[in-house]
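The block underneath contains the structure these notes are about, expressed in structure tokens.
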Number of protein chains: 2
Amino acid sequence: MRKPLYRQVADGLRSEIDAGVYPPGASLPSERELSIRFDAARNTVRQGLNVLVTEGLIAPSQGRGYEVRSHDLFTLDASRFENLTLGEDQDGDAYSDEVRRAGRRPHQEFRVELQPASDEVAARLSVDVTSSTILRFCLRYVDGVPWSTQATHYPAWVVSEAPRIAEPQDIDEGTTRYLNGLGLEQMRYHDTWSTRMPTPTEARELQVGPGVPVLIWSRTGFTSAGRAIRSTVTTFRGDLNQVTYDIDTRHTPPGGDAQ
Amino acid sequence: MRKPLYRQVADGLRSEIDAGVYPPGASLPSERELSIRFDAARNTVRQGLNVLVTEGLIAPSQGRGYEVRSHDLFTLDASRFENLTLGEDQDGDAYSDEVRRAGRRPHQEFRVELQPASDEVAARLSVDVTSSTILRFCLRYVDGVPWSTQATHYPAWVVSEAPRIAEPQDIDEGTTRYLNGLGLEQMRYHDTWSTRMPTPTEARELQVGPGVPVLIWSRTGFTSAGRAIRSTVTTFRGDLNQVTYDIDTRHTPPGGDAQ
DNA sequence: GAGTGGTCTAGACCACCAA
DNA sequence: TGGTGGTCTAGACCACTCC
């Protein structure tokens with residue numbers, strides 16, 4: 001019971017990549033060369049290469065060969081990024097500032113939709129399913145590369161108190177600051193982290209191929225009275241992003257919140 | 001320029017799965033049946049099925065067919081799970097309690113190692129590379145299924161003040177509570193979230209196949225004086241886990257922490 | 001033993017990219 | 001134009017699972 005040939009191809013190439021024989025950005029030998037080297041049919045070599053593709057280690061491009069992926073991560077500081085004193089979370093400055101701070105060039109595509117609440121959104125916002133919500137959706141780029149998407153749902157009652165939420169334009173001072181000015185302050189957040197492989201739609205939006213998962217950050221903001229103001233889902237390309245928090249327990253109450 | 005056959009197979013089956021024709025847990029028709037239905041070679045059908053495998057939608061098993069994966073997520077409440085008043089994060093009760101609270105059966109495999117600090121660990125703990133650290137490593141199961149791994153590194157100075165950290169046994173009252181009792185309180189945390197495909201080692205430990213990413217939570221705990229006490233990396237199976245936080249801004253200082 | 005997926009071959013032709 | 005990956009075929013034999 002020996003190791004299958006295609007696994008030998010995958011393991012052999014993986015260890016060479018790890019050893020730096022093929023550094024990030026380098027090209028692997030062609031499939032036809034590898035099939036001679038490993039004395040295997042081209043399809044078998046392809047099967048081995050495919051293992052590394054789905055591991056996120058290499059990416060093929062037609063006509064050019066297989067390239068070793070680099071895995072430098074852009075770090076988003078969530079503590080700084082979303083912060084009541086700076087006051088912004090979606091459309092405007094905080095995100096772009098954070099990107100520019102890293103010496104990169106930000107760009108966003110933005111749209112607003114009126115949507116009935118899905119089961120999930122309704123549960124997060126504690127509203128009836130099919131009640132209306134405003135969706136503010138944003139596709140974000142860094143240096144021209146699709147980076148993440150952000151979808152924020154606002155319940156109808158927020159829209160009636162803060163009508164500019166429903167307008168299909170950026171809110172210059174930032175949505176959070178705008179809401180704050182109307183007395184809709186977010187005092188508590190409920191965050192959820194998860195990961196999965198992208199859906200075909202996400203793969204198209206974020207222009208990712210096989211082997212690249214997405215990192216999903218879901219944040220619901222509540223008033224001090226515990227009413228949900230908004231629910232934001234940010235979907236990051238997992239190969240390009242990590243997110244950091246700083247948490248200081250010195251000022252949190254001893255009991256914490258019951259959920 | 002029509003859609004490739006294997007994509008038609010993948011898209012056709014995906015939409016049937018989404019529509020509930022093949023609900024979670026159901027088996028797909030066999031490759032040989034599908035190759036008749038789509039009038040394609042078996043290899044072509046396999047290529048299409050492989051797309052769905054790497055999307056995490058289905059899982060093959062030899063001799064039994066392709067099964068539609070279910071995607072129920074176990075939710076870990078990080079606010080409750082790791083908390084100074086309850087006081088535990090690694091070996092003992094908090095994790096097991098959290099699992100039992102959900103009506104599931106927890107189990108852990110545990111080991112302790114003496115390790116030179118890697119570049120990454122050294123940076124997080126602000127110690128010299130190759131200086132000694134204690135690694136407390138834990139592989140966690142829920143209902144007998146591998147669920148997550150947790151690796152905590154402690155710098156040498158902590159070990160000299162809290163020698164039981166280096167003993168290859170559980171610390172009954174919990175490591176955090178034990179450290180607290182010695183005046184080594186964690187007052188500030190630096191968390192990082194990321195995702196990627198598992199390494200071959202991780203795939204073996206967590207028994208995951210292709211198409212399942214891992215969710216990585218890295219937490220470094222600091223004393224009130226800002227000295228790093230420990231660095232914990234928790235690696236979750238992405239198909240089984242999500243993690244929630246509750247954040248209350250009412251008691252945090254206005255400025256936040258500089259990073 | 002019958003049926004399933006897993007591995008592998010040898011070849012064909014197409015689409016894309018660079019020189 | 002020549003080399004690269006992308007798609008596809010038809011068939012072989014193996015390993016595993018369940019009856």
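Keep in mind that the numbers below use all heavy atoms, side chains included, and drop hydrogens, waters and symmetry copies. Computed from a predicted model, the values in this text were never measured in an experiment. Below, chain A is the first sequence line, B the second, and so on; all start at residue 1.
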How long is the line joining CZ of A/Arg7 and P of C/dC8, in whole Å? 10 Å

Interatomic distance where CZ belongs to B/Arg64 and P belongs to C/dG6 [whole Å]: 11 Å

I want to check one thing: is the phosphate of D/dT4, taken as OP1 and OP2, less than 4.0 Å away from some side-chain N or O of A/Arg32? no

Rounded to whole Å, how long is the line connecting atom CZ of B/Arg46 with atom C1' of C/dT7? 8 Å

Evaluate the side-chain contact (heavy atoms from CB on, under 4.5 Å) criterion for residues B/Leu114 and B/Ile134: first the C-alpha distance (whole Å), next the side-chain angles of each, then the deciding distance (0.1 Å), finally the verdict. CA-CA 5 Å; B/Leu114 182 64; B/Ile134 289 293; 3.7 Å; yes

Walking DNA chain C from its 5' end, the first of B/Leu28 and B/Asn43 to be reached, judged by nearest nucleotide, is B/Leu28

Whole Å only: how far is the CD atom of A/Glu67 from the P atom of C/dC17? 14 Å

Interatomic distance, A/Glu31 CD vs D/dT7 P [rounded to whole Å]: 11 Å

Do any side-chain nitrogens or oxygens of B/Tyr66 fall under 4.0 Å of OP1 or OP2 in C/dG6? yes

In this structure, how many angstroms lie between the P atom of D/dC13 and the CD atom of B/Gln62, rounded? 18 Å

Separation of D/dA10 atom C1' from B/Ile36 atom CD1, nearest Å, is 14 Å

Does C/dT9 have OP1 or OP2 sitting under 4.0 Å from an N or O in the side chain of A/Thr44? yes

Are any of A/Arg42's side-chain N or O atoms less than 4.0 Å away from OP1 or OP2 of C/dT9? no

Has the side chain of A/Gln108 got a donor or acceptor atom that lies under 3.5 Å from a matching backbone atom of A/Tyr141? no

Cation-aromatic face contact B/Arg230/B/Tyr154, 6.0 Å, 45 degrees: no

Between the side chain of B/Asp143 and the main-chain N/O of B/Arg105, is any donor-acceptor distance below 3.5 Å? yes

Rounded distance in Å - CG (A/Asn50) to P (C/dT7): 12 Å

Under 6.0 Å between ring centres: does that hold for A/Trp193 and B/Trp217? no

Please tell me if A/Ser30 has a side-chain N or O lying less than 4.0 Å from either OP1 or OP2 of D/dT4. yes

Between A/Ala40 and A/Gly63, whichever has its closest DNA chain C nucleotide further toward 5' is A/Ala40

